[in-house]
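Here the structure is a predicted model, which means the values were calculated and not measured.
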Amino acid sequence: MFSHVTLGTNDMERAAAFYDALLAPLGLRQRVVEPDGGPEARCWIAEGQQLPRFYVYAPFDGAPASVGNGTMVAFEAPSHAAVDSAYDAGLASGGADAGRPGPRLHYGDGYYGAYLRDPDGNKVHVVHRGDLR
């Protein structure tokens, strides 16, 4: 469904460290972003896949990055343990708790997730969808 998702940052190195830690337990790794004349960017992708991609960019217009109220990016995890590991790594890398790991049965039987804020305040969700397996 998605080609890519992008969030803005005001501190690329801090954001890259956070997302490297958060996304590693999910099997996502940074790929090289070739300069294209646009703002600085970092990209994460699953090995062996071209899409979808997750990007963190300095805003194109040069204005400070800001958080969208009601905006959230959710990353799929292969297991409960991967959710827990990603959450712990995100907290250790400058993220803030926005909902500890655990079952969210009101979303579906087998739904297990955690919520964090990245260092720029963007809301991210890590979820294992046991209800869809």
Side-chain angles (χ1 to χ4, degrees):
M1 176 184 291
F2 295 103
S3 165
H4 60 282
V5 173
T6 301
L7 292 177
T9 185
N10 293 305
D11 185 332
M12 187 62 69
E13 294 308 314
R14 182 180 68 180
F18 172 81
Y19 283 107
D20 278 343
L22 179 79
L23 298 177
L26 309 181
L28 302 175
R29 302 285 183 263
Q30 257 197 76
R31 66 177 283 281
V32 174
V33 177
E34 297 295 333
D36 63 2
E40 182 181 7
R42 300 291 176 91
C43 177
W44 290 261
I45 193 165
E47 189 160 338
Q49 295 184 345
Q50 292 297 313
L51 298 174
R53 297 177 182 178
F54 173 70
Y55 287 94
V56 175
Y57 269 91
F60 189 81
D61 64 4
S66 60
V67 178
N69 186 26
T71 301
M72 180 179 72
V73 176
F75 295 97
E76 183 181 14
S79 65
H80 290 199
V83 171
D84 295 344
S85 182
Y87 174 83
D88 291 341
L91 289 180
S93 299
D97 172 59
R100 295 189 53 78
R104 303 294 198 278
L105 298 179
H106 53 287
Y107 294 138
D109 187 33
Y111 193 108
Y112 184 90
Y115 298 87
L116 298 103
R117 295 279 179 174
D118 76 7
D120 287 288
N122 295 298
K123 190 172 185 181
V124 295
H125 181 41
V126 181
V127 59
H128 175 70
R129 296 293 307 259
D131 59 327
L132 300 181
R133 297 192 190 274

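- Around the CG atom of D109, the shell of radius 6.0 Å holds no more than 12 heavy atoms that belong to other residues, nucleotides or ligands.
- The shortest side-chain heavy-atom distance between V124 and F75 falls under the 4.5 Å cut-off.
- Heavy atoms from other residues, nucleotides or ligands lying under 6.0 Å from CD of Q50 number 12 at most.
- Between V56 and M12, the shortest heavy-atom distance links the atoms O-CE, 3.6 Å.
- Among residues at least two apart or in separate chains, side-chain hydrogen bond (donor to acceptor under 3.5 Å, both in side chains) pairs with a member in residues 65-82 are E76-R133.
- Closest of all the heavy-atom pairs between P59 and P64 is CG-C, 4.0 Å.
- Taking OH from Y111 and CG from L132, the interatomic distance works out to 9.5 Å, rounded to the nearest 0.5 Å.
- Clustering of Ile, Leu, Val, Met, Phe, Trp and Tyr by side-chain heavy atoms under 4.5 Å joins Y57 with V33, Y55.
- One finds the CD atom of E13 at 6.5 Å from the CD atom of E40 (value rounded to the nearest 0.5 Å).
- Rounding to the nearest 0.5 angstrom, the gap separating the CE atom in M72 from the NZ atom in K123 is 6.0 Å.
- Residues A114 and Y87 approach most closely at CB-CD1, 3.7 Å, considering heavy atoms.
- Partners of F18 under the ring-ring contact (aromatic ring centres under 6.0 Å, His included) rule, at least two apart in sequence or in another chain, do not exist in this structure.
- Ion pairing between D120 and R14 holds under the 4.0 Å rule for side-chain N and carboxylate O.
- Atom-to-atom distance recorded for L28:CG and Q30:CD is 11.5 Å, nearest 0.5 angstrom.
- Using cut-offs of 30° and 60° on the angle between ring planes, the pair W44 and F54 is tilted.
- In this structure, OH in Y19 is found 5.0 Å from CG in L7, a value given to the nearest 0.5 Å.
- You'll find the side chain of L22 reaches within 4.5 Å of the side chain of V126, heavy atoms only.
- The line from CG of D97 to CG of L116 is 7.0 Å long, rounded to the nearest 0.5 Å.
- A distance-only check finds no donor-acceptor pair linking the side chain of R117 to the backbone of A96 [under 3.5 Å].
- D131 is not listed as a side-chain neighbour of Y107, based on a closest heavy-atom distance of 4.5 Å or more.
- Remark: R100 CZ is loosely packed, at most 12 non-hydrogen atoms of other residues, nucleotides or ligands lying under 6.0 Å away.
- Between the side chain of S93 and the backbone N or O of A89, at least one donor-acceptor pair lies under 3.5 Å.
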